[in-house]
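Notes follow the structure.
Just so you know, residue 1 is the first one in the sequence shown, and it goes up from there. Since the model is a prediction, treat every value here as computed from it, not as a measurement.
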Amino acid sequence: MPILTLALSDIPEGVPHQPGDAPVILIRDGREVTALGHLCPHLNLPLKKGVVRDGTMICAFHHACFSARTGRQTQPPGHGDLSRYDATVDGETVTVTLPDDAAPHAAPDHATKGVDPTRVVIAGAGAAAEACAHGLREDGFEGAIAMISPEARAPYDRTMLSKAVLTGAKAATDLTLTDAAALAARDIVLIPGTISAIAPGRVTLEGGGIHAFDHLLVAPGGTPNVPDLPGIDLGGIHTLRDADHATAIAEAAGSARRAVLVGGGFIGMEGALSLAKRGLEVTVILREEVPLARVLGDRVGRAIRTEHEEAGVRFVTGASVAGFDGDGQVEGVRIEGGDAVPADLVILATGVRPATHGIDGLPTERDGGVAVAADLSVPGLDGVRVAGDCARVPTPFGPARIEHWRVAQQHGRAAARAIRGHASETDIPFFWTALARQYRYVGHATEWDEIRVDGDPSGPFLARYIKDGRVMAALAAGRDADLAALHLEMVAVGGPVAA
């Protein structure tokens, strides 16, 4: 049983400290020392780069949060509490005892189906659905839990589809988060199907099946937008939303030479780099001049475009697609008023819409989203909540429908807490994107008065998006600890901070 001995003065206060290469993180608060597992359960990244504030430790990479005293995970991504080890302070000496088989984290304890007659139905098997099901069981819920999903696939990590799957580094089957055995161990039933109607206490599936519920969480995710253009049905034209889509694109990329991505959002830009890494000639067609400028600002968008061009990606900007050429198989993408861009593989990265179309009884807005209360409940529908891509939720930054994986996980946790009758927790929206480097974004800003950039977007930088004297959001690359600290500052005040 390994034992570490070190001086109390060698442990800095208020920061995660890893002594050498020991598999432990030490957090000191005065004369108290807590010893925790050293790796984040999300992607096993080192927590020594994290930030501690007000009793919370946040992973600097993807902003999973943990109690700095107990190791309990309090915010996603990932799923698992940090192991806690014995640490004693005797005078000025700290002794830490590690088990021989020390693991940095473990899944929390969970309940299974018992005598509770309460029925929870979840429409979806994505990030929100998985987080809700886990949250219920880990809070001791012993009622029935059923996930209804057209994919009928155990929850998996969609964030890797446009990255590792397209590059060929991983297969979609490698991305499973909660496999069939883990679902069964928690008495979570996965049912193939699509909800077509909601009525008091029951849902109807396409094909006529009916499932009764006491609580319903609608979290079906999004559906890719497909433009109605000539040649759209040609072979070689793909959307990218689920595991089957990514697998088909990865297989096609093995024999393709020229790929065209229509659209320059996060998925389009990630996909472009992934295919360029495989040696394909890649072109991105944009309506705008600068990718992602609407979300991140012109200066940052130009830096991202430059990084892509340095990786060999070509851009056709200020362009609208008129159609697709080919005889059975796509051979080119026609530009309005211009020539065709040669292609034998096309990805439509033209955004998604909430997958709520065709669900009778669900009050949707014009874009397909559903306005919900702070606890995700739908006004007028008893026992019904909506989460993930479909939910327009009150936030400290204003009502927002945010299509990001971590936010969906937060919604799932919040839904579980509400179903169990617990008060809601405050956290801040966060997402990341893996382009030529990692970009991380906290908060939410749809408009701004100014963008204050600390550093230069071509190197390490932190950009603050300011509206009415408040920092509504921030984006960073190479400044992970600074962004994590700002995230915890936003948590502390419950929203935007003073500029």
(message) Can you confirm whether or not the ring centre of Phe431 sits under 6.0 Å from the ring centre of His404?
(response) yes
(message) Treating Ser67 as the side-chain partner and Arg69 as the backbone partner, does any N or O pair qualify as donor plus acceptor under 3.5 Å?
(response) yes
(message) Keeping Thr364 on the side-chain end and Val370 on the backbone end, is there a donor-acceptor pair under 3.5 Å?
(response) no
(request) Please check if any side-chain donor atom of Tyr156 sits under 3.5 Å from a side-chain acceptor atom of Glu130, or the reverse. (result) no
(message) Can a donor-acceptor pair be found, under 3.5 Å and without considering hydrogens, that links the side chain of Asp29 to the backbone of Glu32?
(response) no
(request) Please report the C-alpha distance between Asp427 and Val491 in whole Å, then the side-chain angles of each, then the deciding distance to 0.1 Å, and finally whether the side-chain contact (heavy atoms from CB on, under 4.5 Å) criterion is met. (result) CA-CA 6 Å; Asp427 195 46; Val491 171; 3.5 Å; yes
(message) Under 4.0 Å between a side-chain nitrogen and a carboxylate oxygen: does that hold for Arg305 and Glu307?
(response) no
(message) If the test is side-chain contact (heavy atoms from CB on, under 4.5 Å), which one of Val471, Leu483, Leu475 qualifies with Val442?
(response) Leu483
If you look only at distance, which donor and acceptor atoms sit under 3.5 Å apart when one is on a side chain in residues 34-61 and the other is two or more places apart or in another chain?
from: His42; atom 1: ND1; to: His62; atom 2: ND1; distance (Å): 3.3
from: Asn44; atom 1: OD1; to: His105; atom 2: NE2; distance (Å): 2.9

(request) Taking only Lys NZ, Arg NE, NH1 and NH2, and the carboxylate oxygens of Asp or Glu, determine whether Glu270 and Arg158 approach each other closer than 4.0 Å. (result) no
(message) I'd like to know if the side chain of Arg406 and the backbone of His63 have a donor-acceptor N/O pair within less than 3.5 Å.
(response) yes
(message) Restricting to non-hydrogen atoms, name the atom on Ala125 and the atom on Leu190 that form the minimum distance, rounded to 0.1 Å.
(response) CB-CD1, 4.1 Å
(request) Determine, using ring centers only, whether His79 and His134 are less than 6.0 Å apart. (result) yes
(request) Report the C-alpha distance between Asp10 and His17 in whole Å, list the side-chain angles of each, state the deciding distance to 0.1 Å, and finish with yes or no for side-chain hydrogen bond (donor to acceptor under 3.5 Å, both in side chains). (result) CA-CA 9 Å; Asp10 288 340; His17 174 66; over 6 Å; no
(request) Determine the interplanar angle of the His308 and Phe315 rings, folded into 0 to 90°, and report it as parallel if under 30°, tilted if 30 to 60°, perpendicular if over 60°. (result) perpendicular
(message) Do the side chains of Asp449 and Lys467 get close enough for a salt bridge, i.e. N-O under 4.0 angstrom?
(response) yes
(request) Kindly say whether Leu175 contributes a backbone atom to a donor-acceptor pair with the side chain of Asp157 at under 3.5 angstrom? (result) no
